[in-house]
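Read the structure below first, then the notes.
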Amino acid sequence: MKIRQLIVVPLAVVTLTGFASACSSSGSSGSAASTPSTAPTSQASTPSTSTTQPPTGSATTPPNPVATESNPPGDIPDNQAYVAFQPPGGGYSVKVPEGWARSTAGAVTSFGDKLNRIQVGATAATAAPTTQSVSSQLVPALQRQVPKFAMGKVSEISRPAGKVVLVTYQGDSSPDPVTGKVVRDAFEQYLFFQNGKLVTLTLSGPTNADNVDPWKIVSESVRWA
């Protein structure tokens, strides 16, 4: 349920070159009963200089404001819109959140917003990745590149584009250039393969964010073109 400052490490390079060649009264004062007067009363002809006091029991503080709803840092809104992205050379497409900042470095395209990041790119590969090859080749490279790397697991799953090797892990982001704050990130890296082409899709966001649904939308949207 996530294409925080996030890890800005050469993650995509690792995954594309190192491996493949790697969402929560006022109260009114009582009035005394008056008795009929037997004599007329006269009203003062000059304005009173006394100030009117608020009725006894009137509220002196404003009502409590309604609390503003906010998602935990890194949560992608449920109403987030997605748009299709296809690299200039074609070969594949993927849906990414609309409005996210986009940048390109070589064959890798990145999309980011606040603390979340998506990286995707394609390289040539002679064989499809397996859980064994990923564990022996990609994971050691990630350990060297990701600060405070913590392994999750390597598994094979199914997506509409076919069988996929999924790597999950955690790591520290690079310090924020302004605040110096470091965020603990969770990563999902998907390795798609078809006809000699390896597409690596990396999704990352804060560990406390619930981006299960958004990341599922993105990973299930990959199509071969």
Side-chain angles (χ1 to χ4, degrees), residues 1-16 18-19 22-24 67-82 94-103 105 108-121 129 131 134-135 138-157 159 164-192 199-222:
M1 288 269 353
K2 98 203 63 345
I3 23 251
R4 155 160 1 65
Q5 188 77 28
L6 304 182
I7 286 190
V8 182
V9 297
L11 176 58
V13 175
V14 171
T15 60
L16 298 178
F19 173 68
C23 146
S24 180
T68 301
E69 294 184 4
S70 62
N71 293 325
D75 270 17
I76 299 173
D78 292 337
N79 62 351
Q80 173 67 56
Y82 297 82
V94 61
K95 288 183 179 180
V96 298
E98 184 177 28
W100 283 24
R102 171 179 164 181
S103 61
V108 178
T109 302
S110 300
F111 303 86
D113 180 66
K114 301 180 179 70
L115 302 176
N116 295 298
R117 190 175 181 86
I118 296 173
Q119 289 182 303
V120 62
T131 56
V134 168
S135 296
L138 176 59
V139 171
L142 291 172
Q143 290 175 324
R144 294 191 296 269
Q145 296 291 330
V146 179
K148 296 186 179 179
F149 176 88
M151 186 63 201
K153 65 178 181 178
V154 179
S155 58
E156 186 176 85
I157 63 172
R159 285 293 184 262
V164 184
V165 176
L166 169 63
V167 187
T168 61
Y169 56 96
Q170 293 184 7
D172 282 0
S173 71
S174 298
D176 183 277
V178 176
T179 66
K181 182 178 180 179
V182 173
V183 177
R184 187 66 175 172
D185 286 333
F187 295 80
E188 295 182 6
Q189 190 167 105
Y190 298 81
L191 305 172
F192 299 81
V199 170
T200 302
L201 172 67
T202 305
L203 314 174
S204 61
T207 56
N208 62 341
D210 182 9
N211 288 331
V212 173
D213 290 338
W215 288 161
K216 185 176 181 182
I217 291 173
V218 175
S219 65
E220 289 189 341
S221 72
V222 175

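Along the sequence shown, the residues carry numbers beginning at 1.
With sequence neighbours excluded, the residues that form a side chain to side chain contact (heavy atoms under 4.5 Å, CB included) with Leu166 are Ser155, Ile157, Thr168, Glu188, Tyr190. Applying the side chain to side chain contact (heavy atoms under 4.5 Å, CB included) rule to Ala150 yields the partners Gln170, Arg184; only residues at least two apart in sequence or on another chain are considered. Scored by the side-chain hydrogen bond (donor to acceptor under 3.5 Å, both in side chains) test, Ser221 finds no partners at all (sequence neighbours excluded). With sequence neighbours left out, Lys153 forms a salt bridge (charged side-chain N to carboxylate O under 4.0 Å, His left out) with no residue at all. Evaluation of the side chain to side chain contact (heavy atoms under 4.5 Å, CB included) rule for Ser135 yields Val154 as partners, not counting sequence neighbours. With sequence neighbours left out, Thr179 forms a side-chain hydrogen bond (donor to acceptor under 3.5 Å, both in side chains) with Asp176.
Taking all atoms of both residues into account, the shortest heavy-atom contact from Pro175 to Gly180 is CB-O, 3.8 Å. The minimum heavy-atom distance between Gly74 and Asn116, with the atom names listed, is O-ND2, 2.7 Å. Here the closest heavy-atom approach between residue Val165 and residue Pro129 is recorded as CG2-O, 3.5 Å.
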* Could you go step by step and tell me if Leu201 and Val164 meet the side-chain contact (heavy atoms from CB on, under 4.5 Å) rule? -> CA-CA 10 Å; Leu201 172 67; Val164 184; over 6 Å; no

* Given Leu138 and Gln189, is the side-chain contact (heavy atoms from CB on, under 4.5 Å) satisfied, shown in steps? -> CA-CA 11 Å; Leu138 176 59; Gln189 190 167 105; 3.1 Å; yes

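One distance of note links CZ of Arg117 with CZ of Phe111; it measures 10.5 Å at 0.5 Å rounding. Within the model, atoms CZ of Phe192 and OG1 of Thr200 stand 9.5 Å from one another, a figure rounded to the nearest 0.5 Å. Note that CD of Gln119 and CZ of Phe187 are 8.5 Å apart. Values are rounded to the nearest 0.5 Å. Taking OH of Tyr169 as the start and CE of Met151 as the end, the distance is 9.0 Å to the nearest 0.5 Å.
When Val218, Thr202, Leu203, Val199 are each tested for a side chain to side chain contact (heavy atoms under 4.5 Å, CB included) with Val120, only one passes: Val199.
Under a 3.5 Å cut-off, the side chain of Gln80 and the backbone N or O of Glu98 do form a donor-acceptor pair.
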